[in-house]
Chemist: 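Structure provided below as structure tokens; questions to follow.
Chain letters run A, B, ... following the sequence lines, proteins first, then strands; residues in each count from 1.
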There are 2 protein chains.
Amino acid sequence: MRRTTLKDLAKAAGVSVASASYAVNGTGSLGEETRARILRVAGELDYKPNQMAKAMKTGQTGAIGLMVPDLTNPFFPSLAQTVIQTARLSGLSVFITDTEGSPEQERRSASQLIDHGIDGLIWFPIVDTDTLGPLLANTPTVVLDRILPSYDLILADYALGGELAAAHLIAAGHREIGIISGPLDAWSARIRAEAAARYVEAHAHLAWTVESAFAIDLDPAIKAVLDERRATGVIAGADLMAIGAIRHLQSQGVQVPADVSVVGFDDIPWAQLTTPALTTIEMPVEEMGVAAVETLLRRIANPKGSRRKIVFNVALITRSTVGPAAGAPFPERS
Amino acid sequence: MRRTTLKDLAKAAGVSVASASYAVNGTGSLGEETRARILRVAGELDYKPNQMAKAMKTGQTGAIGLMVPDLTNPFFPSLAQTVIQTARLSGLSVFITDTEGSPEQERRSASQLIDHGIDGLIWFPIVDTDTLGPLLANTPTVVLDRILPSYDLILADYALGGELAAAHLIAAGHREIGIISGPLDAWSARIRAEAAARYVEAHAHLAWTVESAFAIDLDPAIKAVLDERRATGVIAGADLMAIGAIRHLQSQGVQVPADVSVVGFDDIPWAQLTTPALTTIEMPVEEMGVAAVETLLRRIANPKGSRRKIVFNVALITRSTVGPAAGAPFPERS
DNA sequence: GAGATAGAATGAAACGTTTCACTTGGTTCA
DNA sequence: TGAACCAAGTGAAACGTTTCATTCTATCTC
């Protein structure tokens, strides 16, 4: 009833344990016919190598970790899915952990993963500081969406995204534009907001900027700013916040996009579902997930290679939350 | 630069390897003061037990698997999140795998997980047949939302849910009711549809039943049935399908709920976001996730114990997709 | 004071692999 | 003919733990 071990296999095939190991792994130098015989017997006995023993011997577990800040943010399940699928192609399993938006949890999760002996880690950090440096010293790691220079980096061109969003609103005639940024201690949020702000200031007027968590529920303070109606166009640093803003505006009887236009960021699946459907900046989640796994694999194979940084493109997805600036309450400036 | 091993620790503390092991694990019989000293040295050396070696010796990896059909269905990330969090409380890590709605993938995933040596498995099967029986023979397993009698089962009272949905529509005056069921080879879908149908037939009239995948995109055939407008009330076997139906109806100029009322099932996070917000049947995902982990832990501790079946309650969440039956095109009966 | 007893600590085997170093026997070649 | 070589196969150590069986020492009991 015990699982068959290499020793059982060796005995059954009448060879040494070493030969059995070589046959199973396709390594070593074995006669064509012996190898075939061993493999046949292995099939009959339904031999499956014990990964734990293998892991202990080789130090490789065949598992990688994926740390994301919040699985209920619909952005992350998409990412997780492609990571899982891509990893599977290489026979790797994926430990997923939700760091709950907290650097301490991040640290706990990381050390738990490392204790379990992962071969590598794909990490979507909460903030821009490398809080995990010493912990990850021996673990090949690729970082998503944050600038931590000591790792391989998978990014998207968020500066472009911010400009695209701003340009789109301005092209629609909006002159007073507000920005709801994500937490500024996160690179992706900061760069989006900065690029958008710069563009707005150059071509129109920046009415206000506020900072928000990546969530649908907006702070009362932010709602208050929205209620002042000083901007006819709003750029949100994430679709979740855009949706939150739209819902709030609508609840106050403000029409989107007739009264206020909104553009989001991320193109989460929900973005198509809202009414009106959300105009937003799309980032290639699938490609980023695939790139993350591939880069990790490369890093595992060659821990000392030079760091890699891959930047993906983003694109404006035009749906229905941006309309022409109507009854502009402020004087046009040419 | 090598990680400190038990042997290093033993040498540094001037004791045997065995003592070191006992001290670290709090087992064996050691003098109070020796134990303390070893632990202190362990702290200084930052000793971390090598889980792989431990796993090989004990056969326990401290990891569990979670297999779900589709991570992009927003129902599952919520589940995954609670499972991860609950597991973490017991120091367990979670392998997540997406079975992509396919029994073959399910089989592949399962054997991959087993090879990696999981201590137990939480499984949300695609269909009702135990396709994995032999594979899982030695792996403690709990099954969610399907009736596979040889495992521990975590369920919700979907029959009640179906009745609640039907009763709600009927109470609003609807007499012609259609059902969009999930795949009938899945228990949860079947039982919802059957209970709803039974209730409808007893108290009103069942206009039609169609079967759909758990997805937003509905078959043309289903859209055609919707277009016939033979029902003023629609019960969908999942929120995703309900949303799909509402979107289709709206695209045809049909008002929800003025012309047609819809109730969904699951109460996924999106349900609050649609316009109008979805009236649906809520199931306690968090509690189910927690129960799944707890049941699994119990089963791991006692593989031979009697099977457990936990059934959770469901509740109707009233939002805005159900309204009074207007201009009923069919004669009221009674 | 001798034997028994209990607590404290240790030695070493075992878990299932991988892999280095080695043997064996046959072939090649000068 | 024999040295050299090669391919095929083997033995055994090692990876880092856990844990059984054992030893040692000090204390207790009669």
Side-chain angles (χ1 to χ4, degrees), chain A residues 1-42 45-63 91 111 114-119 138, chain B residues 1-42 45-63 91 111 114-119 138:
Chain A
M1 231 26 247
R2 219 178 73 273
R3 269 174 80 118
T4 32
T5 80
L6 252 200
K7 187 149 48 159
D8 302 334
L9 172 55
K11 187 172 335 169
V15 295
S16 71
V17 176
S19 300
S21 173
Y22 289 137
V24 168
N25 293 303
T27 52
S29 72
L30 280 189
E32 205 37 64
E33 157 235 359
T34 332
R35 180 178 305 260
R37 176 163 45 91
I38 299 179
L39 288 177
R40 186 166 42 71
V41 177
L45 264 51
D46 190 31
Y47 169 74
K48 299 270 186 53
N50 177 329
Q51 297 291 338
M52 300 168 235
K54 191 174 204 150
M56 160 160 126
K57 186 64 190 167
T58 62
Q60 301 269 304
T61 53
S111 64
I114 290 171
D115 286 351
H116 272 308
I118 50 173
D119 294 345
N138 298 308
Chain B
M1 229 27 247
R2 220 178 71 272
R3 270 174 80 117
T4 31
T5 81
L6 251 200
K7 186 148 48 158
D8 302 334
L9 171 54
K11 188 173 331 171
V15 295
S16 71
V17 175
S19 299
S21 171
Y22 289 136
V24 168
N25 293 302
T27 51
S29 71
L30 281 187
E32 205 36 64
E33 158 234 0
T34 331
R35 180 178 307 259
R37 176 164 43 93
I38 298 179
L39 288 177
R40 184 166 42 70
V41 177
L45 264 50
D46 190 32
Y47 168 75
K48 298 268 185 54
N50 177 328
Q51 297 292 338
M52 300 169 236
K54 192 175 204 150
M56 165 165 118
K57 187 65 188 159
T58 62
Q60 302 267 303
T61 53
S111 65
I114 290 173
D115 287 351
H116 271 307
I118 51 173
D119 294 346
N138 297 309

Chemist: Backbone N or O of A:Ala55 within a donor-acceptor pair of the A:Thr61 side chain at under 3.5 Å?
Modeler: no
Chemist: Specify the separation, in whole Å, of atom CG of A:Leu9 and atom C1' of C:dT18.
Modeler: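 One finds 15 Å between C1' of C:dT18 and CG of A:Leu9, rounded.
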Chemist: Please name all residues satisfying side chain to side chain contact (heavy atoms under 4.5 Å, CB included) with B:Lys48, sequence neighbours left out, ordered by chain then number.
Modeler: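 Only A:Asp115, B:Arg3, B:Asp46 meet the side chain to side chain contact (heavy atoms under 4.5 Å, CB included) criterion with B:Lys48.
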Chemist: Output all residues satisfying side chain to side chain contact (heavy atoms under 4.5 Å, CB included) with B:Met56, sequence neighbours left out; order by chain, then residue number.
Modeler: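 By the side chain to side chain contact (heavy atoms under 4.5 Å, CB included) rule, B:Met56 matches A:Met52, A:Ala53, A:Met56.
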Chemist: My understanding is that only residues two or more places apart in sequence, or in another chain, count here; which of them pass side-chain hydrogen bond (donor to acceptor under 3.5 Å, both in side chains) with B:Asn50?
Modeler: none
Chemist: Protein within reach of the bases, or only the backbone? For nucleotides 9-17 of chain D, mark each nucleotide 5' to 3' as B, S or -, using heavy atoms under 4.0 Å.
Modeler: BBBB-BBBB
Chemist: Would you check if the side chain of B:Asp119 reaches a backbone N or O of B:Gln60 as a donor-acceptor pair within less than 3.5 Å?
Modeler: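 No, the answer is negative, given that no donor and acceptor are paired below the 3.5 Å cut-off.
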Chemist: Listed by chain and number, what are the side chain to side chain contact (heavy atoms under 4.5 Å, CB included) partners of B:Ala12, not counting sequence neighbours?
Modeler: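 Listed in chain order: B:Val41, B:Leu45.
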Chemist: Find every protein N or O atom lying less than 3.5 Å from an N or O atom of nucleotides 22-28 of chain D, and list the pairs.
Modeler:
none

Chemist: Holding to side chain to side chain contact (heavy atoms under 4.5 Å, CB included), I want the full list of residues that pass it with A:Leu30, two or more places apart in sequence or in another chain.
Modeler: A:Ser19, A:Tyr22, A:Ala23, A:Arg35, A:Ile38
Chemist: Between the main-chain N or O of A:Ser111 and the side-chain N or O of A:His116, is there a donor-acceptor pair closer than 3.5 Å?
Modeler: no
Chemist: Listed by chain and number, what are the salt bridge (Lys or Arg N to Asp or Glu O under 4.0 Å) partners of A:Asp8, not counting sequence neighbours?
Modeler: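 Only A:Arg2 meet the salt bridge (Lys or Arg N to Asp or Glu O under 4.0 Å) criterion with A:Asp8.
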Chemist: Return the set of residues passing salt bridge (Lys or Arg N to Asp or Glu O under 4.0 Å) with B:Arg40 (not counting sequence neighbours), or none when no residue passes.
Modeler: B:Glu44
Chemist: Angle between the two end axes of the helix from C:dG1-D:dC30 to C:dA30-D:dT1, five base pairs per end, rounded to 10 degrees?
Modeler: 50°
